[in-house]
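Take a look at the structure set out below.
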Amino acid sequence: MRRAVAALFLFGISFGYVEAAVVVYLRALYDPIRARLHPERGPHELFPLITPQQLADAGPENPRRLAIDVGRAPATMLMLGAVALAVARNLHQWIAAFAIAFGVWDIGFYAFLKLMIHWPESLSTWDILFLIPLPWVGPIWAPVLVALSMIVCGLISLRAGGIRGRVPHWTGVLSGALVIIVAFVWDFRNTTAGGFPNPFNWPLFLLGEAIGLAAFLAAAFARRNAHAV
């Protein structure tokens, strides 16, 4: 257990550094374009987003770079899944290990960006989280809360050998995750059109967190009661 958790934390932290370094390189490419389009915006301000047409107009190589960057997201998930697979003995342990690795990676990513380029200014700063299938955007508080939830739940589950849960439990966890995703893409029509983000849908986000956590805790208590009988 300790060796597995140590491996997951070490991988998540180091991978967070690599991801932050990649973003520093990407911003070096895209910040000049953003500065030309929106000279009134300060450095490292990500909104309004550069539209695909604006990106293409800035140079024929940019759409290809964007496609490569879009592919980075699933590759990242595969890498996190691979290290989880290396320390897990069954599917439920793999899910727990993936949650830990993902959460540590995400928090490490923001921590290293802060050290490298002094961004984000605060946890209230908005970020572009993913681009598949729509732009996921939100204040950094939101993904950090998700990451912390994943780490804590993953540790609880991994210590228990992988909490199996029943269909209602997994339905609740997946439903909560879906609601959180909807909160992140809620304003996609505005942000993809080059607008500034509207206020984040915190009620929807917190509802998703509550549904997912409640379902996980129900599964954990059900397992404990089953062993107590």
Side-chain angles (χ1 to χ4, degrees), residues 1-20 22 70-112 129-133 136 138 142-185 205-229:
M1 170 68 182
R2 290 180 179 176
R3 179 178 294 182
V5 170
L8 293 169
F9 269 74
L10 287 172
F11 181 87
I13 292 169
S14 57
F15 193 22
Y17 180 94
V18 172
E19 189 81 359
V22 170
V70 168
R72 182 167 56 92
T76 296
M77 297 301 104
L78 285 174
M79 290 182 68
L80 294 170
V83 72
L85 186 63
V87 304
R89 297 180 179 178
N90 56 54
L91 173 63
H92 302 91
Q93 286 185 356
W94 176 81
I95 295 172
F98 177 85
I100 296 169
F102 185 101
V104 174
W105 158 76
D106 201 24
I107 293 175
F109 165 71
Y110 286 118
F112 283 120
L129 309 178
F130 286 106
L131 294 172
I132 302 175
W136 302 23
V144 167
L145 287 174
V146 172
L148 289 172
S149 301
M150 293 178 73
I151 293 171
V152 172
C153 292
L155 288 171
I156 293 172
S157 179
L158 196 61
R159 183 176 182 182
I163 295 175
R164 297 181 179 275
R166 299 179 180 177
V167 172
H169 300 138
W170 286 111
T171 301
V173 170
L174 293 175
S175 297
L178 180 60
V179 172
I180 290 172
I181 292 172
V182 171
F184 283 133
V185 302
F205 172 84
L206 294 175
L207 175 63
E209 274 274 300
I211 293 172
L213 289 174
F216 173 80
L217 291 175
F221 281 118
R223 181 187 184 280
R224 188 182 69 174
N225 292 336
H227 281 275
V229 173

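The distance from the CE atom of Met150 to the CZ atom of Phe216 is 11.5 Å, given to the nearest 0.5 Å. Note that the CD atom of Gln93 and the CZ atom of Arg159 stand 14.0 Å from one another [nearest 0.5 Å]. Annotation: the span from Phe98 atom CZ to Leu91 atom CG amounts to 12.5 Å, rounded to 0.5 Å. For the atom pair Leu155 CG and Met1 CE, the distance stands at 5.5 Å (nearest 0.5 Å). To the nearest 0.5 Å, atoms CG (Leu129) and CG (Asp106) are separated by 7.5 Å. Note: Leu80 CG to Leu85 CG = 12.5 Å, rounded to the nearest 0.5 Å.
Under the side-chain contact (heavy atoms from CB on, under 4.5 Å) rule, Trp105 has a single partner from Ile100, Thr76, Ile13, Val18, which is Thr76.
For the residue pair Ser157 and Ile163, the shortest heavy atom distance occurs at OG-N, 2.9 Å. The shortest non-hydrogen separation linking Tyr110 to Pro143 is OH-CG, 3.9 Å. Across Cys153 and Leu213, no two heavy atoms sit closer than the pair SG-CD2, 3.6 Å. Of all heavy-atom pairs between Ala99 and Gly154, the closest is CB-CA, 4.3 Å. The shortest non-hydrogen separation linking Ala73 to Ile132 is CB-CD1, 4.2 Å.
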Check: residues 2-12 side-chain donor-acceptor pairs under 3.5 Å, at least two apart:
none

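Formation of a donor-acceptor pair under 3.5 Å by the Ser175 side chain with backbone atoms of Thr171 is found in this model. Side chain of Trp170 to main chain of Ala215: no donor-acceptor pair is present (N/O by atom type, distance under 3.5 Å, no hydrogens or angles).
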Pair Val83-Phe15, side-chain contact (heavy atoms from CB on, under 4.5 Å): steps then yes or no: CA-CA 11 Å; Val83 72; Phe15 193 22; over 6 Å; no
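In this structure Ser14 satisfies the side-chain contact (heavy atoms from CB on, under 4.5 Å) test with no other residue, sequence neighbours excluded. With sequence neighbours left out, the salt bridge (charged side-chain N to carboxylate O under 4.0 Å, His left out) criterion links Glu209 to no other residue.
The closest side-chain heavy-atom distance from Ile151 to Ile107 is below 4.5 Å.
Below 30°, between 30° and 60°, or above 60°: for Trp136 and Phe184 the angle between ring planes is below 30°, a parallel geometry.
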